[in-house]
Every structure is written in C-alpha cells, then in structure tokens.
**Q** 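Sharing a structure here in structure tokens format.
Side chains are part of it too, since the values below use all heavy atoms of this structure and drop only hydrogens, waters and symmetry mates.
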Amino acid sequence: MKILEMHIYGYGQLENVKITNLEDFQVFYGENEAGKSTIMAFIHGILFGFPTKQQSELRYEPKHSTKYGGKIRIYHEELGFAVIERVKGKAAGDVKVVTDTGIIGGEEFLKDLVANFDKSLFQAVFSFNIHGLQNIHQMKGEDIGKFLFSAGTLGTEQLSKTESTLQKELDTRFKPSGKKPILNEKLQELHELNGELKKAAAKNKEYENLLEKKEFMQQQMAVINGKIQEVSEKVEKLNEWKRIESIVREEKWTKKELNELGEIKFPVRGIERIEKINQLIHPYNAEIISISERQENLKKELANLQPDLSYLENESNILTLLDQVPIIEQLKLEKQQGETKLEEYEDKLSITREKLHLPLNEEDIFDINTNIYVKKQVEIVSRKKQKLEVVKEELEECYQEEKNRLEEIEKDVRLAESQVLAKQERLLLEEQMSHGNDKKSLGWELTALQDKIEFYQQTNEREKASNERSKQQKKLQFFLFELILFGLTLYGLFTKDWVLLCLGVLGCIVIAIFMMKSSKKFTEEEMDQTLYGLREKEKQLKQKLQSAEYLDITKLEDQLVLDNRRREELQMLKMKLKQQQSQYEKAISKFEEWELESAQNKEKLLSISSELKIPEYIATSFLDEAFELIEQYKSICREKNQLQIRLEQINQQQTQIVEGFKSYENHFLQEKGLDLHNSAYLLRKKLKEEHEKQIKSQERTGKLAELEADLKQKSQELKILQAEYNRLLIAANVETEQKYYELGARAEKQGRLLERHENLKSQLQYSILTIQERESYLPIHKSDELITECNQEAQYLQSELKKLQEEDALIKYEIQIIEDGGIYSDILHHYKQKKFELEEAAKEWSIYCLAQEFLSQTIEKYKNVHLPRMLAKAEEYLAFLTTGSYRKIHLQKSGSGFLVEREDHTLFEANELSQATTEQLYVSIRLALATTLYEKYQFPIIIDDSFVNFDAGRTEKIIELLNQLERNQILFFTCHRHLLPLFPKENILSLAKGAVEIIS
C-alpha cells in the first residue's frame, strides 16, 4: 500500500493542508512544532481511528476550527486506487472508503485494506522513532540482548517486559522462606483459623435455633409485604380510573355516534371543489363569445389587404439588379485601368526576354516545368556545388595532418620495441621471483593459523565457564522449587487436603522432568578435534618455512616492474598506431566519397538545365538567376492573360445590367423609355409598397390564428370543468347539487367525530389501565369509597408488619451477640473460604508457572522456525551498515539474547557493543522484521528522526539502505537540515506554520 496524497481538514495546528504527489521515498523536513508529529498521528488516525478521550494519546483536535479529520489517497496492490476519509463522529471517528472502481465501504472494508492490523501492531512493525533507540541507552547491560530479541519478534520490547512481569508475579505469590507473598500469608491464616474452629463447636446448637426462627419471621414479613403491594396497586388503579373516567365514557359515546352515521362516501374537500368549479364556468362562457366577435372583424380587414405576388416573387432578382447600379461606374473605371496595365505587362515581357536571351515565345514558356519540386532541386544542386568546394579544401588539410601523425607514431613504436626485455630473460626473472614469494606466503599463512588457534581456545574456555555457571544456577533453582513443593505435599498429607497433595506431587514431577532435560552434558569432542587439526597444520608450516631458501628479490622485483611498465607503454603505442592508420585510411576514403558526390551533383545540374531549356554554360554559373527569370516571365504572362479575361467580363456585365432594367420596366412600370437611374428609383418604390401590404396581411392572419387557437383552448377547458363537476356528483352518488351539499354536511360531522375520537384515544394511550380493566371499572360510580377502604386495609397491614419487624430485630440482636463471640459455622465458613482462596492462589501461581514455560517454548520455536530467516536478512543489513565490520548474528544457546560476530570472528554480546553499533543492530533487526516476516504486507515504513546519533558516514549508509527497500514506501520525518543534501530536492517537503512546500 502506498500513500499518494493527504488532505488534512483539521488536525492539531494543521488546517486545510493538502500534500500531493508523495514519492516512494518522501522526506518531511521541519523545525520543532512545525507539524511532523501531527502528520504522523494523522496517518495513524485515518488508518486505525482517532484516539478516544479515555486513552492517554493526544487527540489533536483543532483549537480554531470545527473540522476534525481528513482523507488520504492510497494505491492498494489488489484493489487499486482508493480514498480513505475519516471525520469527527463516534469514538474513533466516522470513516468512508471509496475505490476508483466504485466500491464504497466503512470500517470493516478499511480493516480488509489494512489486513486487520491494529494501530499497536502497525507501529511495532512499520513505524519507529528515536524512543526505540533511547530505550537501548537506558537499559542495563544484561537487558539489551533481551530487548533486541523482543524487537526482532514483535517490533517492540513487549516480549522482554512480559518475561520480567511473569517472574515478578511468581515472586509476589510464593517464596520458600518468605512471609509477605500471598501463598505464605494464606497458609499462616489457615493454620490460625483451624484452632479457632474447634473452640466454636460448643455454641453451634443455640445459634441454629435462632437462625430457624429468623427465617420464619422473614417469611411472614414477605407475605405481609406482598399484601401491602397488592393493596397499593389497587389504590393506584382506582385513582387512575377516577382521573380518566370522563374521558373513557366520552370515547364510548363518540364511537356509538360514528357507528350510527355509518359509512359515507364523499370526495375529499368536496364542497370547496364544487364551489371553485362554479366560479370558473361563467367567465369562460363570456370569453368564448368575445373571441368569436373579434374573429369576424379580422376577416373583413384581411380581404382589403392583398399584395402583388408576381412582383414579390421576382424580389431577389430585382434587388440584385438594383444593387448593381453603383457598379456600372466602377466597371467603367476598372476597364480604363486594365487597358493601361496591359501596356505595362508588354513592356516587362520585352525586358525579361532580353535578359534571358533565349528564342522563347509566350506559348513555349508555359511548357517549361517550374513547380516547387524543380525549384527545390535547383536550390539543392546550387548549395551542394558550393558545399563540395568548401569540403575539398578541408579534406586536403585533414589528409596532410593524418599523414604526419602516422609517421611520428611509427617512430615511437620502433623505439619502445628496442627497450623491452627478451622473452628468455623475462622467464628467468619470473622463476627467481617465485622462489622468494613462497617463503613470504608461508609466513603469512602461519600467522593467520596461529590467530585462529588462539580464537578457538578462548571461545572454548568461555563456553565452558558459561555452561558451568548456568548449570549451577539451574540446580539451585530446581532444588528450591523441589523443597517448596515437597513441603506443600507433606502439609496436604497431614491435613488430608488432597488438592494440595496433588498440586505438590504434580509440581515435583514437572520439576524433575525439567531437571532431566537441563542436565544434558555439553560435548567438547568437536572443538578438540578442530584444535588438534589446526596444531598439526601449524607444525607442517613451520617445517616448510625452515627448509625454504631465502633470496633477496628487491632488485628482481624492480626489473620486472620496469619491464612491465615498458610493455604496457609498447602496447599503448601499438593501439595508437592502429587507430592512426584507421584515421589515415578514413581521410583517403573521404576523398573518394567527395569525387563521387561531385560527379553525381554535376549530372543532376545538366539534367535540370535540359529541363529548363537553358545552355550548359549558363546553368553552371547562373542556375539560380536563370530559374528566377523564367519564373518571372511565366508570372507576367499569366497576369496578362488574366487581365484580358477580366476586360471581356466587364463588357459582358455592363450589357447584362442594362438589358435587365429594360425588361422589368416594360413588365411592371407604367412609364416607358426612362434612363437607368429613374427606372431603378420607381422599381424600388413599388417593391416597398408591396412589402407593406404583405406585412399587414401576415399580421392579420397571425392574429386570426391566435384567436382560433385561444377559442379552441377555452372550449376545451370549459369541457374539462364541466366533466369535473359531473365527476364530483358521481363520486358522491347523487343526482342534484342540493343533495350533494346535504351529503357534505353529514361527512363534515363524521370528520369532527373521528378527530375527537382519535384525540381521546391518544389521551388514554399512556394510562396504566388496560382496555379490559377500563371495561370492568365502568359499572363503578363510587370510586372514592373504595379508595378509602383500601387505605384503611393498608394501614392495618403496616401495623402488623411493624410488630414483626420489632420481633425480628430482637432475634437479630441475639444472633449478633453470638456471632461477635465467633460461632462455629461462621468460623467454619471463614476457614473454608480461606482454604478456597489458598487453592485459587495456588492455581494462579501454577498458571504463571505454565505461562512462563509456554513463553519459553514459544521463544524456542520462534528461534528455530521463524527467526533464522529474519536474522539472515538482519545480518545482510548489519554488514552493509558497518561496511563489513560485523557479519554474523548468533542466537544465545540459552535465554533470548544475541551474539554478534566481528569480521575477525570475535563474538560480542549486545551490551559489549558501542552505542552506535547497538543502534545499527536495532535498525537492522527492525527493517529485517518488516521485510521478511511481514513481507506480504507492503505498508509504508514511517521513521521519525531515528538516526540523529549517527555520524555522517553511518547516516549515509542507513539512507542508502532505505533507498534499497523498493517494496515499501518510506516516510522520513526530520528536523535536522544537515540531512537534506542526502535526498533529491523533489523528494523533500518543508513544513512551516501549517504550510507545506517543496524545497527548491
């Protein structure tokens, strides 16, 4: 799971803070109180719930905002992208999870996302800070190993705390020679009560008679109390009946009236609805008459407004013709200008023909191809020709330089070959060197072997001493436990307490089994065989060293080194010679390539000159200029032809306009033979008049259509109202409006009775009397007299109860006097109680013993099954962090500590390491726990300034190690600016006064 974004609505001092695009290795930098701890707590709170008010953790509720909570966007390996939002609500907050695939869930779905981790387990495995390292500094030497072992199993020191807690609980319950432990105290109390029990046996008979009498009095008082209760309940019900009697009788009457009225079918709000319909029908009739009269008037006006439709049909042609009146003058001016420009084109063509000096006419010039492809080819050929001339000069210079360098290197190679030793001389020199090196290597091998023998001897002595001390301590512990259990067995035997006897025997058997298991002898055969083999090898090396001849090889070494250096120089010169020969050949090949390119370019140039119909001598020197003149000649000819076509179009357009005006004048105007402008004026005026007639006619037609639609709508609405009126009469099942109103009055009365009946039922709803009890009380008319009689009976019973209570108090006083003296049953009960407490305490003690044994067995199983894989990864991390100084982590053969092996095979206990190395060991174990035993849970690893005590080298190593954890996202919080250069700038977010920004 990777956290991509965070949006904090309100959490501590952070309000409306958005953090986006979180990297796989994200660094949060900020000074103290900048919000680092708040962001860490926010992540824990969103994933696992806000701390409750009963917990000791800070809730981070904002002081200046009502919003509390926020949301984070994550990427889950199985479900893809999702948003987790948690806001203020129930104890841990209200949570909502929404995935990009549309799945929506709550707390249960979130538990599936986090694999049912709780906050404590997540913090133990994937979240640690400087407090874990401070715990190491504050511990005693013998506790450091246990703490590291616990950190490697649970991620915290909980395991070592549990072991200490179990041992303390056992010590507080029983000690062989103690007095304050619980079992010791209860054994002493039981012995004292046994003596008192015998003295109280004589007073037992009198005490039992008083108890029987007391029990009889208690039964009598219980009977009277029952009667008093019955009388009180009866009085309470009579008082309740007195309160609700009038309501009950009224409810019965309203029910009777409703039954007499029977079932009435009448429309809801029927009177109101029929009155509204009558109010609407009359206005509709008046409106229909008015609309009909207006329709007749509009039809008369429309008959007098009829436009000339044949003239309007030609409107577009007439308007087009009228718009061309101003164009006549423009066409005349354009014709004069075109004739002048035609003469200019003739002059330009004459000048261009003289420049080209080619026998071409206007028809031939258009046959020449001058498209963009030909133009591009002309440009390419011209540029290529210029470039080839420049390249030729460069190639000549390069050829001369490469030739001079080749001659110099050949001279250096011949000189170096003359200085190198001959092959036979070098073989003799190497043979003499090998004899000298044999003696030196034997000396080194002998020194290493002696160091190894000394290490094995020290290890053997240390293990013997450790095993002996452990064996003596275990024997002493087992002997003390055996003595305690034997005493407990004897005590149970003498007192005939079979439970204690069984516990003692069972404990003795368990202790005996443990002694047999722990009494296995430590075998030393393997260690002795190893030492014997090493000493034999030492003797052989000493003999070889004494028989070896000594040679002074300093001079030989110098000669061999000098020859090696000269050979290397010769090899380098040969490589340079080969490279220079290659460069020389390249220079020659480039000349050949140039000649080929030059011939190809000349062939293209001749092809283009033939296509453009220009001589070769012009194409060789002035190809670009000739092509431009041909293009210019073609352009002028093309413009000249277009101008001639335009002059013909002007003449045709003038003729067409004049003929159009003559046609419309003869067909639609009364005046004939008018000039062009007068004819245009009259045509435009007539068009305007016909348009006005058409607009007025359309307006009258539209109004007439609106009135017809309005008349149709009013008629339909009137029909709807009439139908609604008939439906109301049918619904009431009457024929006339008078009967409809009479039936409405009866329905209104029935509604009032139903409302009153419901009101009375709601008043009786909370009465203590049931419906059957209310029915039984209806015949009662004098409830006050019944209440008085019941009160008198209750007073009599109270007086009888008082007498019995006084007599019971005297009996209790006599019993108290006997009990103060200590009666037999009380002491016997007390004795059995103390005996039971002793048995329970013994069970608790045995439970703690078994728990301690189970914990030890669990630790052993973990050490043998799960821990090796975690330790292998921890060893890899530790070797990397210490640059190979510490390579192995060994488990203690007994207990739950570690031994760390240095590169020279020296073993150290955890408390013997330096402070920095101990911290490196702790970090290695914590990271190995997350990447091995919990490797399938790819949660972010959250680190809060856990490496501030490391020097620069160790800090760089741990950052490099964290960068290698590709499966887990790293969220690193720090307040130390000197650490920031170790990270890419884009991976650092700066926290300051509730804001977040990228450090640039």
Side-chain angles (χ1 to χ4, degrees), residues 1-11 14 16-28 38-50 67-90 92-128 155 873 927-944 962-973 983-984 986-989 996-998:
M1 182 176 76
K2 178 184 176 183
I3 298 176
L4 304 175
E5 298 178 2
M6 290 187 286
H7 184 186
I8 304 173
Y9 303 155
Y11 208 80
L14 302 180
N16 195 23
V17 174
K18 293 182 179 179
I19 305 175
T20 59
N21 300 324
L22 293 179
E23 303 290 340
D24 290 338
F25 195 124
Q26 188 65 58
V27 180
F28 294 86
T38 306
I39 293 177
M40 288 181 63
F42 172 77
I43 295 173
H44 294 148
I46 295 297
L47 292 178
F48 304 104
F50 302 139
K67 291 185 176 180
Y68 177 42
K71 63 182 178 182
I72 61 175
R73 180 174 174 79
I74 66 168
Y75 174 75
H76 194 271
E77 294 74 18
E78 296 179 359
L79 298 175
F81 295 94
V83 175
I84 305 171
E85 182 181 31
R86 190 182 293 271
V87 295
K88 188 174 183 180
K90 54 187 180 182
D94 295 333
V95 68
K96 180 180 180 182
V97 183
V98 181
T99 67
D100 283 6
T101 57
I103 302 174
I104 301 175
E107 198 72 54
E108 294 299 323
F109 185 45
L110 179 57
K111 287 182 179 179
D112 293 337
L113 281 180
V114 299
N116 288 316
F117 270 59
D118 59 7
K119 185 189 290 187
S120 59
L121 180 57
F122 178 82
Q123 290 176 335
V125 178
F126 297 100
S127 177
F128 59 96
K873 182 60 72 173
L927 293 178
L929 176 67
T931 56
T932 55
L933 302 186
Y934 295 93
E935 61 183 343
K936 68 177 181 178
Y937 307 108
Q938 298 180 24
F939 292 124
I941 296 177
I942 303 173
I943 303 172
D944 183 15
L962 291 175
N963 279 313
Q964 296 176 6
L965 303 180
E966 297 178 354
R967 290 173 57 86
N968 299 85
Q969 183 186 24
I970 307 296
L971 302 180
F972 185 78
F973 295 81
F983 308 101
E986 61 270 16
N987 289 15
I988 303 173
L989 292 177
V996 180
E997 60 183 8
I998 299 176

**Q** Could you tell me the separation between the NZ atom of K71 and the CD atom of E5, rounded to the nearest 0.5 Å?
**A**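 Output value for this atom pair is 8.5 Å.
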**Q** Compare all side-chain heavy atoms of L113 with those of M1 and state whether any distance is below 4.5 angstrom.
**A** no
**Q** Report the distance from atom CG of D100 to atom OH of Y75, rounding to the nearest 0.5 Å.
**A**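 Taking CG in D100 and OH in Y75, the distance rounds to 11.0 Å.
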**Q** Can you pull out every side-chain hydrogen bond (donor to acceptor under 3.5 Å, both in side chains) where at least one residue sits in residues 103-119? Sequence neighbours excluded, please.
**A**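 Sorted result for residues 103-119: R86-E107, D118-S120.
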**Q** Can you check whether F117 and F48 have ring centres sitting under 6.0 Å from each other?
**A**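 Between F48 and F117, which both carry aromatic rings, the centre distance is not below 6.0 Å.
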**Q** Just so I know, are the side chains of F42 and I72 near enough to count as touching, which here means a heavy-atom distance under 4.5 Å?
**A**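 A side-chain contact under 4.5 Å exists here.
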**Q** Any heavy-atom pair between the side chains of R73 and T20 that's under 4.5 Å?
**A** no
**Q** Would you compute the distance between atom NE2 of H7 and atom CD of E85 and round it to the nearest 0.5 angstrom?
**A**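 Going from the NE2 atom of H7 to the CD atom of E85 covers 9.5 Å.
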**Q** Looking at E966, I'd like to know if its CD atom is crowded, meaning that more than 12 non-hydrogen atoms belonging to other residues, nucleotides or ligands lie closer than 6.0 Å.
**A** no
**Q** Is any side-chain heavy atom of F28 less than 4.5 Å from a side-chain heavy atom of I19?
**A** yes
**Q** To the closest 0.5 Å, what do you measure between CG (L965) and CD1 (I941)?
**A**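 Result: 5.5 Å between the selected atoms.
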**Q** Evaluate the side-chain proximity of T99 to F81: yes if any heavy-atom separation is below 4.5 Å, no if none is.
**A**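 Heavy-atom side-chain distance check fails, nothing below 4.5 Å.
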**Q** Quick one, V97 and I104 - any side-chain contact, counting heavy atoms below 4.5 Å?
**A**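 Counting from C-beta outward, V97 and I104 never come under 4.5 Å.
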**Q** Testing the basics here: between Q26 and L989, what is the closest heavy-atom pair and its distance to 0.1 Å?
**A** NE2-CG, 3.4 Å
**Q** Are side-chain heavy atoms of F122 and I942 found at a separation under 4.5 Å?
**A** yes
**Q** Could you tell me if the ring centre of F983 sits under 6.0 Å from that of F25?
**A** yes
**Q** I need the I46 CD1 to I74 CD1 distance, nearest 0.5 Å.
**A**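 With rounding to 0.5 Å, CD1 (I46) is 11.5 Å from CD1 (I74).
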**Q** Flag the pair Y9 / Y68 as yes when their ring centroid distance falls below 6.0 Å, and as no otherwise.
**A**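 Aromatic pair excluded; centres sit 6.0 Å or further apart.
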**Q** May I ask you to check whether over 12 heavy atoms, not counting those of K2, lie within 6.0 Å of atom NZ?
**A**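 Enclosed.
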**Q** Inspect the contact between R967 and D24 and indicate whether a charged nitrogen and a carboxylate oxygen are less than 4.0 angstrom apart.
**A**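 Result for this pair is no, no salt bridge flagged.
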**Q** Is any side-chain heavy atom of Y11 less than 4.5 Å from a side-chain heavy atom of M6?
**A**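 The answer is no, as the side chains (C-beta and beyond) never meet within the 4.5 Å cut-off.
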